[in-house]
Number of protein chains: 2
Amino acid sequence: MKDYNKITSLFKRKGFIWGPSPEIYEGGLAGFYDLGPLGTLLFNNIANTLRAAFFEEKYYEITAPIIMPKKVWEASGHAGGFTDPLVKCTKCGAYFRSDKLITEAHPKEEVDGLTLKEYDTKIDKLGIKCLTCKGQLSKSEPINMMLKTVIGVNTEAFLRPETATTTYLPFKRYYDFFRNKLPFSVFQLGKAFRNEISPRQGLLRLREFNQAEAQLFIFKGEKNKFEEFKEHEKDELPLVTYKAQEKNKFKPVKIKLKEAISKKIIQNKAYATSLAIAYNTIIELGLKEERIRIRQHHPNERAFYALDAWDIEYKTDCFGWVELAGVHDRGDYDLTQHAKYSGQDLSVKNNGKNEVPHILEIAMGVERLLYITLEQAYEEEKERTVLKIPLVLAPIEVKVLPLMKKDGLAEKADEVYELMLDQGLYAEYDETGSIGRRYRRADEEGVPFCITIDHDTLKDESVTVRDRDSMKQTRVKISELDEFLDMALEGEIDF
Amino acid sequence: MKDYNKITSLFKRKGFIWGPSPEIYEGGLAGFYDLGPLGTLLFNNIANTLRAAFFEEKYYEITAPIIMPKKVWEASGHAGGFTDPLVKCTKCGAYFRSDKLITEAHPKEEVDGLTLKEYDTKIDKLGIKCLTCKGQLSKSEPINMMLKTVIGVNTEAFLRPETATTTYLPFKRYYDFFRNKLPFSVFQLGKAFRNEISPRQGLLRLREFNQAEAQLFIFKGEKNKFEEFKEHEKDELPLVTYKAQEKNKFKPVKIKLKEAISKKIIQNKAYATSLAIAYNTIIELGLKEERIRIRQHHPNERAFYALDAWDIEYKTDCFGWVELAGVHDRGDYDLTQHAKYSGQDLSVKNNGKNEVPHILEIAMGVERLLYITLEQAYEEEKERTVLKIPLVLAPIEVKVLPLMKKDGLAEKADEVYELMLDQGLYAEYDETGSIGRRYRRADEEGVPFCITIDHDTLKDESVTVRDRDSMKQTRVKISELDEFLDMALEGEIDF
């Protein structure tokens with residue numbers, strides 16, 4: 001098992017994640033973080049991998065504003081129901097989340113899905129008082145998790161708590177863009193904000209974070225005739241159905257999608273395809289299959305409008321199972337709501353009749369992927385700590401190291417470094433400290449390949465390339481470095 | 001000259017920019033826009049080009065939160081001074097910006113830099129009343145342009161009005177990351193928000209927008225010994241000094257930076273290098289040299305702490321000269337302020353003495369670059385409208401078109417399309433409408449190259465590649481398409 005404080009202290013020290021931010025102002029605000037230079041490169045690589053993966057599946061990325069007027073959130077349901085229960089100390093004025101307060105004092109108490117009154121009864125019965133001053137607590141009140149602001153002088157607006165709602169709204173624009181043909185799919189990657197009252201779990205529950213959410217718009221009657229399914233029918237997914245869970249079976253069973261459809265484990269081909277795309281994308285990011293399961297929500301666990309819902313979950317070392325992605329069949333709920341609240345017709349023609357299409361949605365949290373990538377990458381070996389970040393995501397791809405500064409080795413190394421930059425690689429030059437120390441530094445930064453320039457280089461124009469994971473080394477001609485690294489970064493070189 | 005309404009209606013229709021958003025809710029909120037599928041691809045290409053350009057100059061990207069507590073903005077000066085003057089109608093309650101109100105009624109009135117009292121005197125003297133109901137107007141009051149929100153239950157916070165301030169704060173973290181050696185440089189690309197009371201100029205003045213801001217941290221005494229200057233001393237920049245402007249000369253003069261330094265037109269080498277990096281990056285994005293000038297701020301025009309400031313400006317067709325980038329020597333102002341307000345020591349050792357470094361800053365607006373790229377790209381020719389988007393930024397790089405659907409041409413085209421996707425190209429497949437119409441469609445979308453599959457393709461495994469700009473065509477073997485397009489997208493093929 002990995003220790004959260006120990007691993008995040010490395011992430012901090014190496015410039016991945018700093019915070020809470022702004023650190024210099026009284027230690028920062030809970031739930032807000034900086035990504036340092038390596039964290040930002042890693043984030044960009046994750047984002048661009050997601051973008052490319054979704055584009056390949058014909059999801060077109062769009063960008064909507066973070067801020068939207070109140071009416072949008074009334075339609076989506078967030079203005080009404082998106083709340084946390086809160087109590088206030090009647091003596092010192094401190095606030096606490098009712099549910100967290102209960103489980104903190106009594107970890108075994110069940111608090112999921114309680115009403116406000118039920119929280120208060122429990123707090124009373126268990127004799128819970130203010131954690132700060134032991135004062136009497138107020139009754140629980142719902143507090144909305146959206147951040148409010150004012151546009152102009154008096155237009156109430158909210159920062160989006162998810163990208164999804166903002167993606168649904170230009171539906172008619174998409175319809176034009178895709179030349180009046182369904183199904184089509186869009187994708188958005190951007191910031192969202194949730195005013196968690198007491199953010200916990202470090203990087204897993206943030207107040208400011210990025211989501212990558214993808215939507216397939218499709219007519220109800222087409223969901224089981226979805227052509228793209230053919231490309232995924234042989235994909236094997238590690239499923240845990242809600243019925244298995246009812247029998248307390250949580251071990252995933254690998255099932256081919258074709259079989260899952262014929263056995264009605266998954267309701268339709270379009271939904272199965274969405275699940276496959278989400279799962280394959282996560283595997284492409286380098287997360288380990290053996291730590292992943294796809295768990296179906298129990299019908300009671302789903303939103304009232306949701307027709308089906310599965311979560312892709314990952315077994316972390318520090319937090320147990322966590323959600324990586326949710327895949328939801330939202331039916332025609334969203335477009336129907338926004339049609340009603342905006343007064344605009346959001347139906348389109350299907351075989352001569354007006355129809356509001358369904359939305360199948362994939363939702364992921366990007367910082368969560370980032371944290372889990374780092375947690376998985378962290379390894380302590382006998383003589384070193386190393387971040388085995390997947391090649392496709394490595395922030396710095398290659399480091400160039402002169403064995404020593406003198407004898408013209410530094411100049412030669414600088415030449416090779418410039419060559420790497422010209423090739424478009426994310427390269428760094430490092431001449432400080434012993435070569436062993438520089439290798440350790442590169443290991444801790446997750447740099448897959450180090451290039452060492454030594455005295456032989458000056459004679460034979462070749463360099464030593466060291467592999468991060470195996471620590472093995474091989475000799476390569478400078479003139480062939482270009483091609484060698486391209487292959488190495490694709491994982492095609494066996495050291 | 002290009003007509004703003006005409007060109008933006010094309011941008012809307014083709015899926016670049018939609019808004020104000022959310023359009024379906026009462027026509028949206030002024031100053032907020034969606035980027036459609038092509039707009040988002042274009043945005044990503046601009047962002048990634050900026051990222052690569054800055055990384056090559058050793059600027060490391062970082063990411064700070066959008067939301068920061070009030071104290072940060074008190075330190076930066078935004079909580080106090082970042083205001084617009086506002087009047088309210090005492091009868092109907094409508095709000096107006098005092099300065100805009102005056103210039104709208106009397107375009108020749110000078111309103112820059114007036115005090116609140118001076119606005120009111122002018123409004124009185126000119127007899128200006130409420131534009132809505134002719135009611136009497138209140139006295140001008142300053143309204144802060146930052147968007148306010150509340151974190152937790154009662155922590156006042158603001159959405160950043162610029163990325164820069166949030167970039168300064170982790171200075172000590174950078175200092176560790178760069179192993180205690182100055183100078184070093186960082187970069188941030190992300191959202192910022194300004195509550196413009198009446199946003200005008202469409203896409204040039206938004207309430208929600210992205211900035212790309214880059215900072216060089218350097219000791220005062222090192223500014224004129226900056227090593228990287230050597231790589232830029234021969235760069236020729238189109239400068240307009242403030243002294244030239246005093247003589248009413250606004251035509252830029254091309255000057256080598258070495259000369260600009262020796263003649264003391266630019267104060268130091270580090271600043272000259274920042275200017276060169278900003279200018280070269282803009283040229284790399286494909287903006288036309290002949291439309292660009294670099295204009296120095298008059299000492300009276302600068303913030304009181306600024307040691308020097310030049311703007312890179314572009315002559316648009318629809319709005320005249322607009323600022324593309326500002327390059328500012330901010331001295332030690334920011335770190336000194338944040339040290340004072342946070343109570344943290346932000347000085348570092350320089351030759352044994354503690355010293356607060358200076359910041360040289362490059363600031364760009366990303367949506368502005370996006371709009372200007374599109375405006376510049378728009379051309380009406382005799383028989384077509386075409387977006388000559390620079391190759392490096394083209395949203396869709398290649399379209400694959402079967403001459404007709406039958407005879408197996410559609411299947412062959414689909415094969416070629418999949419080949420293009422596998423190669424990592426942003427490719428589209430289009431089989432709808434006559435080939436001429438599909439070429440026009442590709443032109444309006446700024447697609448640089450169309451690949452047509454015809455009956456000969458089935459015989460000789462070659463295709464026609466059409467060049468967007470020249471409309472010339474050439475025949476290429478499918479097996480060589482890969483390499484051909486790589487070169488074509490680098491601008492290395494002469495059609």
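Keep in mind it's a predicted model, so treat the numbers as computed, not measured.
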(request) Report the distance from atom CZ of A:Phe43 to atom CD1 of B:Ile62, rounding to the nearest 0.5 Å. (result) 13.0 Å
(request) Could you grab the distance from atom NZ of B:Lys14 to atom CZ of A:Phe177, nearest 0.5 Å is fine? (result) 8.5 Å
(request) Heavy atoms only: give me the nearest A:Tyr426-B:Ala52 pair and the separation to one decimal. (result) OH-CA, 4.3 Å
(request) Any chance you could measure B:Leu169, atom CG, to A:Trp18, atom CH2, to the nearest 0.5 Å? (result) 11.5 Å
(request) Below 4.5 Å from any heavy atom of chain A, which atoms of B:Tyr417 appear? Answer side chain, backbone, both or neither. (result) side chain
(request) Quick one: which of B:Glu196, B:Lys58, B:Glu56 has the most heavy-atom pairs under 4.5 Å with chain A, could you say? (result) B:Lys58
(message) I'd like to know whether CD of A:Gln423 has more than 12 heavy-atom contacts from other residues, nucleotides or ligands below 6.0 angstrom.
(response) yes
(message) Please classify the contact of B:Asp430 with chain A as side chain, backbone, both or neither, using a heavy-atom distance under 4.5 Å.
(response) side chain
(message) Let's test your reading of the structure: which of A:Met68, A:Arg51, A:Gln188 forms the most heavy-atom pairs below 4.5 Å with chain B?
(response) A:Arg51
(message) What part of B:Arg13 gets within 4.5 angstrom of chain A, counting heavy atoms only: side chain, backbone, both, or neither?
(response) neither
(request) Under 4.5 Å heavy-atom distance to chain A, tell me which part of B:Leu189 shows up: side chain, backbone, both or neither. (result) neither
(request) Measure the CG-OG1 distance between B:Asn195 and A:Thr155 for me, rounded to the nearest 0.5 Å. (result) 9.0 Å
(message) Please verify the inter-ring angle class for B:His338 with A:Tyr25; under 30° counts as parallel, over 60° as perpendicular, anything in between as tilted.
(response) perpendicular
(request) Could you tell me which portion of B:Arg173 (side chain, backbone, both or neither) has an atom closer than 4.5 angstrom to a non-hydrogen atom of chain A? (result) both
(request) For each of A:Leu206, A:Leu159, A:Ile66, A:Leu86, tally heavy-atom pairs with chain B at distances under 4.5 Å, and name the one with the top tally. (result) A:Ile66
(request) Considering only heavy atoms and a distance below 4.5 Å, find which of A:Lys71, A:Met145, A:Glu26 pairs most often with chain B. (result) A:Lys71
(message) Would you compute the distance between atom NZ of B:Lys191 and atom NZ of A:Lys191 and round it to the nearest 0.5 angstrom?
(response) 10.0 Å
(request) Rounded to the nearest 0.5 Å, what's the gap from OG1 on B:Thr40 to CZ on A:Phe187? Could you check? (result) 10.5 Å
(request) Specify which of A:Ile67, A:Asp176, A:Val186 makes the most heavy-atom pairs with chain B at under 4.5 Å. (result) A:Ile67
(request) Look at the side chain of A:Thr149 and the backbone N and O of B:Lys148, then say whether any donor-acceptor pair between them is shorter than 3.5 Å. (result) yes
